Amino acid sequence: MNKKLHVKTGDTVVIISGKSKGKKGKVLAVSPKEGKVIVEKCNMVHKHVKPRKMGDQGGIVDAEGAIYACKVQLYCPNCNKAVRVAYKTYEDGTKARVCAKCKEAL
Ligand SMILES: [Zn+2]
C-alpha cells in the first residue's frame, strides 16, 4: 500500500533529526512505499561502486542516502524555517498545501 507523503520531489525541506539535522535541501526522490525521501546533499553515505564496463572506475562515491520522511519538514521561505504543513481546499475543489503558520502556499 502506498502511503502518501507530506513531501514531494522538488520540495525544499529541513532535516529535523539524525546526523544531518538542521540541513536544508531539495527533495530529489520520494519512495512512498518505504516512507523515505532522498534530500540533496543530506545524509551523505559512501557507496561502493563496481566498474560496470571497461575503463570505468569503480570505488567509493558519496551519494545521498534515503531518510525517513517523518524526519524532514517542509521549509517555508516566508517563515524562513521548517514548518508544519496544512491543507487548504479551494472553492473549486482543488487542494493545496500551505504553511501551517503563515498560510502561504508551499
Ligand atoms: Zn510560513
Side-chain angles (χ1 to χ4, degrees):
M1 197 183 86
N2 279 8
K3 225 167 59 187
K4 208 167 183 311
L5 300 179
H6 64 290
V7 290
K8 57 180 176 21
T9 309
D11 281 347
T12 301
V13 295
V14 178
I15 316 290
I16 52 169
S17 79
K19 65 173 181 176
S20 295
K21 188 176 174 178
K23 275 194 181 177
K24 194 172 82 183
K26 219 163 113 186
V27 176
L28 299 178
V30 293
S31 173
K33 215 171 141 189
E34 295 175 287
K36 285 180 172 179
V37 297
I38 291 176
V39 184
E40 188 178 32
K41 300 274 172 260
C42 291
N43 197 37
M44 299 305 287
V45 292
H46 293 305
K47 271 194 178 161
H48 297 263
V49 180
K50 279 182 189 161
R52 298 216 179 270
K53 54 180 191 287
M54 290 279 280
D56 232 14
Q57 259 198 324
I60 298 169
V61 295
D62 284 328
E64 285 94 351
I67 47 175
Y68 283 105
C70 58
K71 290 186 175 179
V72 306
Q73 264 190 331
L74 220 56
Y75 172 78
C76 173
N78 200 36
C79 300
N80 192 30
K81 62 179 190 169
V83 292
R84 279 192 305 114
V85 183
Y87 294 89
K88 185 176 161 184
T89 310
Y90 292 102
E91 282 175 22
D92 62 0
T94 53
K95 280 183 187 166
R97 292 180 315 177
V98 297
C99 168
K101 243 189 155 65
C102 67
K103 311 292 177 203
E104 221 24 69
L106 295 169

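Atoms considered below: every heavy atom in the structure, side chains included; atoms not considered: hydrogens, waters and symmetry mates. The chain is numbered in sequence order, starting from 1. Worth saying up front: this structure is predicted, and the values here are computed from it rather than measured. Order of appearance sets the numbers: ligands from 1, and atoms from 1 within every ligand.
With hydrogens and angles disregarded, no donor-acceptor distance shorter than 3.5 Å links the side chain of D11 to the backbone of V13. At distances below 3.5 Å, at least one donor-acceptor pair connects side-chain atoms of H6 with backbone N or O atoms of V72.
The two residues N78 and E104 have their closest heavy-atom pair at ND2-CG, 3.7 Å. Contact between A69 and V37 at its shortest, heavy atoms only, is CB-CG1, 4.0 Å.
Relative to the ring axis of Y87, K95 does not place its NZ or CZ within 45° and under 6.0 Å from the centre.
The number of protein N, O or S atoms lying under 2.8 Å from the Zn ion (ligand 1) is 4.
For K23, the NZ atom is densely surrounded, since the number of other residues' heavy atoms within 6.0 Å is greater than 12.
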